Amino acid sequence: MFKKILFIWILINTSLFAQQKEIYVLDAKTKKPLSGVNITWGTGEGMVSEVDGSFEKKILNSVKGIVHFSYVGYKDLNVKANQITSNIELTPTSRALSEVVISKEILLTANQIIDSVQAHVVDNYNFNLTNRHFFLRQKDDGAVEQLNVHIKKSTIPVFDDAFAKKMIAEMPKENDFLTEIMGNHYGDLKKLKLLISDGYKAYDTESNGYLENYYQKLEEIINTHVKSDSYFKIRTGIFSIETDVNETFLKEGEVVDVRNDMGNAKKQANFFLNDRKEMLGKVFEDVFLRKDGNVDVLQDADKYQFEYIDEMIINGQDVYVLDFKPKKKKKYKGTLYINQDDFSIVKLDFNSTMALFKIKLLGVSFKEKGNKGTIVFEKDISGKYNVKYIRKIANMEFGIDRPFVIVEKNKNVKGRRTQNKVKFDMVMKGSFQSHYDYVVLDNEVLTASKFQQIDESQSKQPKDWARHNDNFWISSPQWPLVEETMNEFNP
């Protein structure tokens, strides 16, 4: 009797098992089918689950040993082949991807990768207040294609058309300007406070001392014809600028930035700090994590076309390489390098496809022709990604076709305050290219209270040099790291 019952039980179970031709791979929590699960055994044989999560059980009938199940965002599972008698359930990891589909070639499609990047932005990146110890370089290379100055009236005899033509003839057609600083950058992707610990500015870094000679000539003329306690008013139409002339243009061999003399006293004191903050803001405006960022490849992903290119290794990380280009009135194209483990963008190369800004008004024109660059991220001790390096190159064109009046005034003389006046017309056309390099040397968490306590007035003022000083940073222990980072990502 017992043998009959055992036989019937085996027969029923064998029949039921035979009827289950397909096994399903499911999410252990949601019980939803997982499409494209990688199923391998032996020395490389394998298959993937279908769209409904199923695979044919009979394929495993001849398999002896372990069958390996793996899926992006889920823990791997090993099961003996003869024990696969019911559905397989995979447990999601902390970064599980709920809607990722893997193709037959076991590669995510470009759009699926971007979906996954978007889903994990908040988890992957640091959006908090941070203290970043940094290095920032800005190098401007300018060229003047046309410059004509016609002196219409001058109470200073030496300032005439002949003098203007001579100065223009001697002027180099190309010039440059360089600023390098180190310090601490406090804030997040938009909030910004700076404490500059050291830095310098260099004018005329490659030419043969034209600016020094130019300022010396101007200084001689001003010392001869202009009172030391006077000030200038520069007018062009309805616009005017006021600047003091109580300092010489040259101090102990250094070229003074005349822009520091313009505006009110408070602005004069903070000019360099505010100027560097503005430049750093321009560097960060291309970070794709900002909602108002220029490179909005994640914010408006549906307006870009993505193409899977390849896989590679960056700093020991396996990354997907994707190209992107605009398909709807967007201005950037480029390449994304995406960590395969956590779907974070660890590097971004971008290049504008059209002019970003242009204006022409009252004889003054400006055009931001475009920019390109690289943004690199690195994990900090908290496991979040922070900006490690930003390189940006921006191209601009400018033009001026306006009348100008420069008036010397003095409050300490009797009678009319106007002492001298020079009226002239100017036509100028030119272009310049700005190169930015921003390197984060280290960073740490910053509380809101500490951020509020940062006193930017403690920033150091830079020295103004007539030439680039190759040895300026030679004593800095962090300079080798700056050079190493820039060389690595800007070969």
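Here the structure is a predicted model, which is why all the values come from computation and not from measurement. Only heavy atoms go into these numbers, but all of them, side chains included; no hydrogens, no water, no symmetry mates.
- Between the CG atom of N131 and the NZ atom of K450 there is a distance of 9.0 Å, given to the nearest 0.5 Å.
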Side chain to side chain contact (heavy atoms under 4.5 Å, CB included) between I390 and Y436: does it pass, once the steps are laid out? CA-CA 8 Å; I390 300 177; Y436 306 94; over 6 Å; no

task = Quick one: do I114 and L336 satisfy side chain to side chain contact (heavy atoms under 4.5 Å, CB included)? Show the steps, please.
result = CA-CA 10 Å; I114 295 302; L336 301 168; 3.7 Å; yes

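- A donor-acceptor pair is defined here as one N or O able to donate and one able to accept, closer than 3.5 Å; such a pair exists between the side chain of T130 and the backbone of N128.
- Side-chain atoms of D188 come within 3.5 Å of backbone atoms of K191 as a donor-acceptor pair (strictly under, hydrogens ignored).
- At distances below 3.5 Å, at least one donor-acceptor pair connects side-chain atoms of S197 with backbone N or O atoms of M182.
- A 6.0 Å sphere centred on NZ of K277 holds more than 12 heavy atoms belonging to other residues, nucleotides or ligands.
- With contacts defined as side-chain heavy-atom distances shorter than 4.5 Å, the pair F366/V364 does not qualify.
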Inset, instruction - Test R137 against V482 for side chain to side chain contact (heavy atoms under 4.5 Å, CB included), laying out the working first. - result: CA-CA 11 Å; R137 168 188 288 165; V482 172; over 6 Å; no

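- F357 CZ to K367 NZ: the interatomic distance, rounded to the nearest 0.5 Å, is 12.5 Å.
- Taking 4.5 Å as the limit, some side-chain heavy atom of L192 sits within range of a side-chain heavy atom of H185.
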Can you check side chain to side chain donor-acceptor pair (under 3.5 Å) on S382 and D380, steps first, answer last? CA-CA 5 Å; S382 70; D380 59 22; 2.5 Å; yes

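- When the shell of 6.0 Å around NZ of K327 is examined, it contains more than 12 heavy atoms from other residues, nucleotides or ligands.
- Counting only distance, with no hydrogens or angles, the side chain of D300 and the backbone of D296 share no donor-acceptor pair below 3.5 Å.
- The two residues L60 and F55 come nearest to each other via the heavy atoms CD1-CE1, 3.7 Å.
- Side-chain contact between Q317 and D341: absent, with no pair of heavy atoms (C-beta onward) separated by less than 4.5 Å.
- Taking the six-membered ring where the residue is Trp, Y332 and F350 present perpendicular rings, their angle passing 60° and hence far from 30°.
- Partner F377 forms a ring pair (Phe, Tyr, Trp, His ring centres under 6.0 Å) with one of Y389, F288, Y337, F489 and no other, that one being F288.
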Quick one, E456 with S459, criterion side chain to side chain donor-acceptor pair (under 3.5 Å). Give me CA distance, side-chain angles, the key distance, then yes/no.
CA-CA 6 Å; E456 294 182 296; S459 283; over 6 Å; no

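- Counting only heavy atoms from C-beta outward, the side chains of D27 and Y71 never approach each other to under 4.5 Å.
- The main-chain N or O of D342 is found under 3.5 Å from a side-chain atom of N124 such that the two form a donor-acceptor pair.
- With rounding to the nearest 0.5 angstrom, the OG1 atom of T335 is 4.0 Å from the CG atom of D323.
- With sequence neighbours excluded, the residues satisfying side chain to side chain contact (heavy atoms under 4.5 Å, CB included) with E145 are A143, S431.
- The line from NZ of K64 to NZ of K80 is 13.5 Å long, rounded to the nearest 0.5 Å.
- Within the cation-pi definition used here (under 6.0 Å to the ring centroid, within 45° of the axis), K330 does not qualify as a partner of Y304.
- In terms of heavy-atom proximity, D286 sits nearest to I375 at O-CD1, 3.4 Å.
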Side chain to side chain contact (heavy atoms under 4.5 Å, CB included) evaluation trace for N87 with K31: CA-CA 10 Å; N87 294 335; K31 307 304 179 184; over 6 Å; no

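- Classification of K139 and D141 as a salt-bridged pair holds, one side-chain N sitting under 4.0 Å from a carboxylate O.
- Between S35 and S49, the closest heavy-atom pair is C-OG, 3.6 Å.
- D455 contributes a side-chain N or O that, together with a main-chain N or O of S457, makes up a donor-acceptor pair within less than 3.5 Å.
- Counting heavy atoms from C-beta outward, T353 and K325 have side chains that stay 4.5 Å or more apart.
- Contact check for L298 versus V117: side-chain heavy atoms found under the 4.5 Å cut-off.
- The two atoms that bring S54 and Y24 nearest to each other are CB-CE2, 3.5 Å, heavy atoms only.
- Residue L26 holds its CG atom at 7.0 Å from CG of L34, rounded to the nearest 0.5 Å.
- Heavy-atom neighbours of K369 NZ from other residues, nucleotides or ligands within 6.0 Å: at or below the threshold of 12.
- Looking at H435, K201, K392, R276 one by one, the single match for side chain to side chain donor-acceptor pair (under 3.5 Å) with Q138 turns out to be R276.
- Taking the six-membered ring for Trp and the full ring otherwise, the centers of F284 and Y438 sit less than 6.0 Å from each other.
- Using a distance-only test at 3.5 Å, with no hydrogens or angles considered, a donor-acceptor pair links the side chain of R290 to the main chain of L189.
- Closest approach of S365 to K360, counting heavy atoms only: CB-CG, 4.0 Å.
- At a threshold of 4.5 Å between non-hydrogen side-chain atoms, the residues V346 and V319 count as touching.
- Y385 places a side-chain heavy atom less than 4.5 Å from the side chain of N339.
- For F343 against S116, the heavy-atom pair with the smallest separation is CD2-CB, 3.5 Å.
- Under the 30°/60° scheme for interplanar angles, the aromatic rings of W473 and W479 are found to lie parallel.
- Residue E444 holds its CD atom at 8.0 Å from OH of Y186, rounded to the nearest 0.5 Å.
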